[in-house]
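Report on the structure given below.
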Amino acid sequence: MDLCISKLRKYYHNKRILDVDYLNIKKEKITGIIGDNGVGKSTLLNIISGLDKKYQGVVSYDGKKLDREIYKNMTLVFQRPRLFKRSVYENIEYPLKLRKVNKIKRKKIIEKIIKRLKISDIKDNKGHLLSGGESQKVALARAIVFKPKLLLLDEPTSNIDDKSTKLIESEILRYKEKENATVIIITHNKKQAERICDEIITIDNGKVVL
Amino acid sequence: MDYILKGFIEALKLLVTLDKEVYKIIFLSLFISSISTIIASLISIPLGVFLGIKEFKYKSIFSRVLFTLMSTPSVIVGLVIAILLSRRGPFGFLQLLYTPTAMIIAQTLLVFPLCMGLTYNLSKNRGKKIDNVGLTLGANLFERIFLIIRELKLDLIINIVTTFSRAISEVGAVMIVGGNIKNHTRVITTSIAMFNSMGDYKKAIALGLVLLLISFTVNSVVYSYNQED
Ligand SMILES: Nc1ncnc2c1ncn2[C@@H]1O[C@H](COP(=O)(O)OP(=O)(O)O)[C@@H](O)[C@H]1O
Ligand SMILES: [Mg+2]
């Protein structure tokens with residue numbers, strides 16, 4: 001059973017933005033979505049993540065229509081990370097607090113993640129004041145800290161340096177392997193898609209092209 | 001010109017000698033306006049945040065009504081509350097007219113739409129993005145409203161101060177439902193009006209100075225908060 005999209009149509013002011021007859025996204029794999037600016041990639045992720053509910057068609061996971069249970073095990077990292085006005089540490093801590101993980105356990109989990117993403121020395125900095133690359137890493141850490149089964153990433157390495165890009169890529173790969181997660185990643189960069197994705201989907205003008 | 005200067009000096013004297021009547025008036029003013037602001041904020045901030053991010057039918061009409069209510073004249077609110085609380089009115093049995101409680105009720109109702117409107121507008125413009133982040137991280141509605149309040153804390157404090165300023169400077173509502181009774185319901189604004197008409201300029205000026213001082217103080221608190229951000 002996979003993530004399945006059928007007869008999906010999305011309009012903005014009577015203009016059709018998405019028109020996807022059928023799309024199957026494999027479970028426990030990394031699927032890349034590529035395509036030019038404005039073709040509807042982000043719109044598609046917003047729909048899958050449940051943020052956008054105004055569409056026609058069906059999105060299902062494991063043969064079930066998306067529901068609260070699935071949304072709880074899914075997350076989306078926005079193209080422009082929106083970090084909270086609190087420290088990097090507290091940003092990453094937020095989803096764990098929501099899930100009532102105790103303080104000692106939270107600390108253990110977070111320390112591991114910030115070490116791997118090399119953000120230990122900015123852990124006390126305010127989230128909303130970080131540079132682009134730093135905030136992308138923190139946003140990724142905040143997303144995977146609660147181990148979602150479905151990880152949706154909207155251009156997670158746009159506008160950042162090669163070193164950070166490599167770090168983020170290897171973290172995504174590691175996460176998928178370790179947690180058997182399903183990952184969907186929008187990227188501009190064809191090379192990046194070829195480096196880390198198991199499957200690649202191209203979108204053009206709201207349609208999936210092969 | 002001489003009597004103005006004299007009034008000023010006499011006013012300062014009243015303030016430094018801690019004139020009992022003057023200070024009673026000041027404390028009642030601060031008390032009533034603070035309580036009203038707190039009650040109005042506690043309800044209107046979560047509600048305003050919620051309605052700001054929520055999409056519902058007739059939202060644009062709702063916005064319009066809310067903005068209109070923000071500028072309700074204080075005498076109208078005073079009049080409505082006075083009628084409701086008057087001896088023959090539906091809540092007359094409570095015997096609240098001409099008490100500080102009636103003044104709190106009137107002021108709370110007066111500033112509620114203001115605080116709600118400001119919060120609603122803020123949330124409508126900046127709340128949705130925060131709401132979406134909360135959603136992606138698994139927060140429920142209450143957790144998201146709380147998150148938005150925390151993220152917009154500085155702007156909300158400014159709204160609260162604006163609300164308090166409106167409460168403490170209004171005269172119509174507290175005059176009508178309070179009646180400006182000595183040692184009981186007399187506040188800064190109603191006293192200024194009264195002392196002025198009685199020709200007691202020194203007390204009018206003293207209280208005027210205090211009102212200005214309060215406004216400047218709360219607004220400079222807001223200013224320093226802004227700088228911090
Ligand atoms: N909230 C919106 N209202 C109206 N049009 C929108 C909105 N969001 C996106 N669009 C339009 O939908 C199209 C697809 O946008 P998007 O999915 O963000 O593209 P991509 O992520 O592929 O660059 C664009 O033409 C964009 O202008
Ligand atoms: Mg996009």
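Just so it is clear, the structure is predicted and the values come from calculations on it, not from any experiment.
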Go through the steps for K153(B) and K85(A) under the test side chain to side chain contact (heavy atoms under 4.5 Å, CB included), then give the verdict. CA-CA 10 Å; K153(B) 189 174 74 190; K85(A) 288 183 178 171; over 6 Å; no
Heavy-atom contact with chain B under 4.5 Å, split by part of L83(A): backbone
Quick check on R99(A) against chain B: is it the side chain, the backbone, both or neither that has a heavy atom closer than 4.5 Å? side chain
Write down the atom of F146(A), the atom of T136(B), and the distance for their closest heavy-atom approach. CZ-O, 4.1 Å
Are more than 12 heavy atoms from other residues, nucleotides or ligands located less than 6.0 Å from atom CZ of F216(B)? no
Roughly how far, to the nearest 0.5 Å, is the CG atom of L135(B) from the CE atom of M74(A)? 11.5 Å
Using non-hydrogen atoms and a 4.5 Å limit, figure out which bit of S49(A) sits close to chain B: side chain, backbone, both or neither. neither
Where E143(B) and K100(A) come nearest, the two heavy atoms and their spacing: OE2-NZ, 4.5 Å
Quick check: are there more than 12 heavy atoms from other residues, nucleotides or ligands sitting under 6.0 Å from CG of D67(A)? yes
Is the number of heavy atoms from other residues, nucleotides or ligands under 6.0 Å of N125(B) CG greater than 12? yes
Take atom OH in Y55(A); do more than 12 heavy atoms of anything else shown fall under 6.0 Å from it? yes
Pick one of side chain, backbone, both or neither for F84(A), based on which atoms fall under 4.5 Å of a heavy atom in chain B. both
In this structure, are over 12 heavy atoms from other groups packed under 6.0 Å from F62(B) atom CZ? yes
Atom group of K54(A) that falls short of 4.5 Å from chain B, counting heavy atoms: side chain
Heavy atoms of P95(A) and L137(B) approach each other most closely as CG-CD2, 4.0 Å
Heavy atoms of other groups near R195(A) CZ, more than 12 under 6.0 Å: yes
Give a yes or no on this: more than 12 heavy atoms of other residues, nucleotides or ligands lie within 6.0 Å of atom CD1 of I104(A). no
